[in-house]
Amino acid sequence: MLKRLVLTTALAVAAVAGVAADVHAQGGRGGAPAGPQKLTAIRAGRLVDPETGNAAANQIILVEGERIKEIGANVAIPAGAEVIDLSRLTVVPGFVDTHTHLAMTYKEVPENNIYYYTYVADSTPLRAIQAASSAMQLLGSGFTVACDTGNNGNYADTALRQAIEQGWIPGPTIIPSGLIISTTGGQFTPTPEMYKGHNIVYPEYLEANSRDEIVKAVRENLLFGAKAIKICLDCKPWGYSVDDIKLFIAEAAKGGAKVHAHVQTRDGAQRAIDAGLHVIVHGQQITPEQHAQMAQKTIYLASTDTPFTPYHGSAQGQKRAADQLKSAWEKGVPVTFSTDMDYWSENFKNDKGEWMNRGELTINFLLTWKAAGIPAKDTLKALTTNGYKAADVYKDQRGPIKVGYFADMVAVEGDPLTNIDAVRNVQFVMKNGEVFKRNGVITVDKLLHPGPVNGFRRR
Ligand SMILES: [Zn+2]
């Protein structure tokens with residue numbers, strides 16, 4: 001009993017300390033040890049700016065700590081700086097998957113690719129550990145940002161972001177949405193027993209029908225660490241109205257978050273466009289006329305373009321996705337690279353019979369972009385610039401290779417402005433100034449830490 005009392009008191013003190021920590025969290029690094037910052041000078045054979053489609057030869061990128069300090073052909077390399085020679089390679093900013101679910105992996109066996117069963121069988125802790133592995137696999141393929149938009153159990157996505165930000169493990173910058181907010185039922189079709197007796201929709205979906213419930217749901221997600229808000233706009237015939245969507249946008253904005261919406265109908269797409277949504281996800285039914293409206297309003301498209309491969313998909317499915325993507329691109333929609341790559345099968349092997357990892361499976365969505373006939377430089381822009389804007393990371397000075405920005409970059413052989421397949425062969429990855437991959441090999445020995453080395457308040 002006494003033990004219990006002591007424990008209760010300790011928890012109460014911890015809770016108060018937690019509140020105090022939150023108050024000070026606005027200030028920045030939150031307890032990270034200060035000291036001299038590591039200097040790294042990168043010699044880039046070519047440095048690509050995907051925004052303009054230009055490349056500059058023989059550039060030196062000086063990185064101090066986590067950020068880029070100087071860029072140019074004649075940058076003086078300070079004594080003591082580590083020099084990384086990428087003079088044979090092309091340096092590009094890191095890639096973005098604008099729509100994925102890192103803590104979801106549904107399978108053919110045993111659940112017949114029905115993620116409703118995955119959710120019942122795999123606990124949130126197991127899924128969080130899968131997410132940590134998936135995140136490193138994505139970073140290895142050059143993805144330095146990933147929008148992790150729901151279907152992640154009970155906030156495995158915001159925990160993943162926190163673990164990476166605090167320095168426990170390396171990984172992309174995660175833009176987590178927390179729970180997907182939806183009208184009654186989410187994307188599930190549960191039985192009355194499971195719905196009424198077991199509240200089975202939660203936590204895979206957070207239901208909100210009325211305006212009060214919408215406000216509360218958005219605030220809960222923001223409270224638990226969401227950096228974007230994901231809604232199921234028209235998953236059921238009783239989806240959200242234009243006024244509902246505008247309320248989501250306004251409430252999310254209070255927490256600095258943008259709204260991404262699952263959109264599967266033409267009518268739903270029109271409501272999303274009329275409300276001025278930030279990112280439309282999927283959008284298979286969008287007409288060319290609606291694409292023109294999206295372009296005019298700068299609404300990003302994350303169309304999750306599943307390719308036809310020897311291990312997954314269908315020729316018909318890829319054609320549908322490619323036609324849709326091509327229409328959007330032709331109308332000037334800011335298209336992003338997005339995948340929904342959240343499944344696994346025993347077929348996921350390359351032609352040598354080796355397992356493909358989640359990063360390789362993700363970048364292989366390029367097949368659809370090539371089938372759509374989208375030029376390499378525009379595909380690279382979708383993978384980078386448009387992705388940073390959709391993920392809304394510019395405000396945190398993240399994305400492009402620019403002075404003052406976080407040092408996130410990738411190096412590849414060849415020229416991705418003319419041959420997009422060059423981005424498949426990532427030789428070098430730097431994230432926040434730390435080298436994660438060098439000479440094509442991932443090295444995490446210096447990037448795994450026994451504590452929150454970047455500061456425990458970093459979220
Ligand atoms: Zn999805």
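One-based numbering, in listed order, for ligands and for the atoms of each.
Although no hydrogens or angles enter the test, the distance criterion places no donor-acceptor pair under 3.5 Å between the side chain of R46 and the main chain of T90.
Under a cutoff of 6.0 Å and an axis angle of 45°, R438 and F428 do not form a cation-pi pair.
Identified under the disulfide bond (SG atoms under 2.5 Å apart) test for residues 215-329, with sequence neighbours left out: C232-C235.
The CG atom of D342 sits 9.5 Å away from atom OG1 of T304, with the distance rounded to the nearest 0.5 Å.
Of all protein atoms, those that are N, O or S and lie under 2.8 Å from the Zn ion (ligand 1) total 3.
Note: W355 and W344 have tilted aromatic rings, judged against thresholds of 30 and 60 degrees for the angle between ring planes.
The two residues F143 and T362 make their nearest non-hydrogen contact at CZ-CG2, 3.6 Å.
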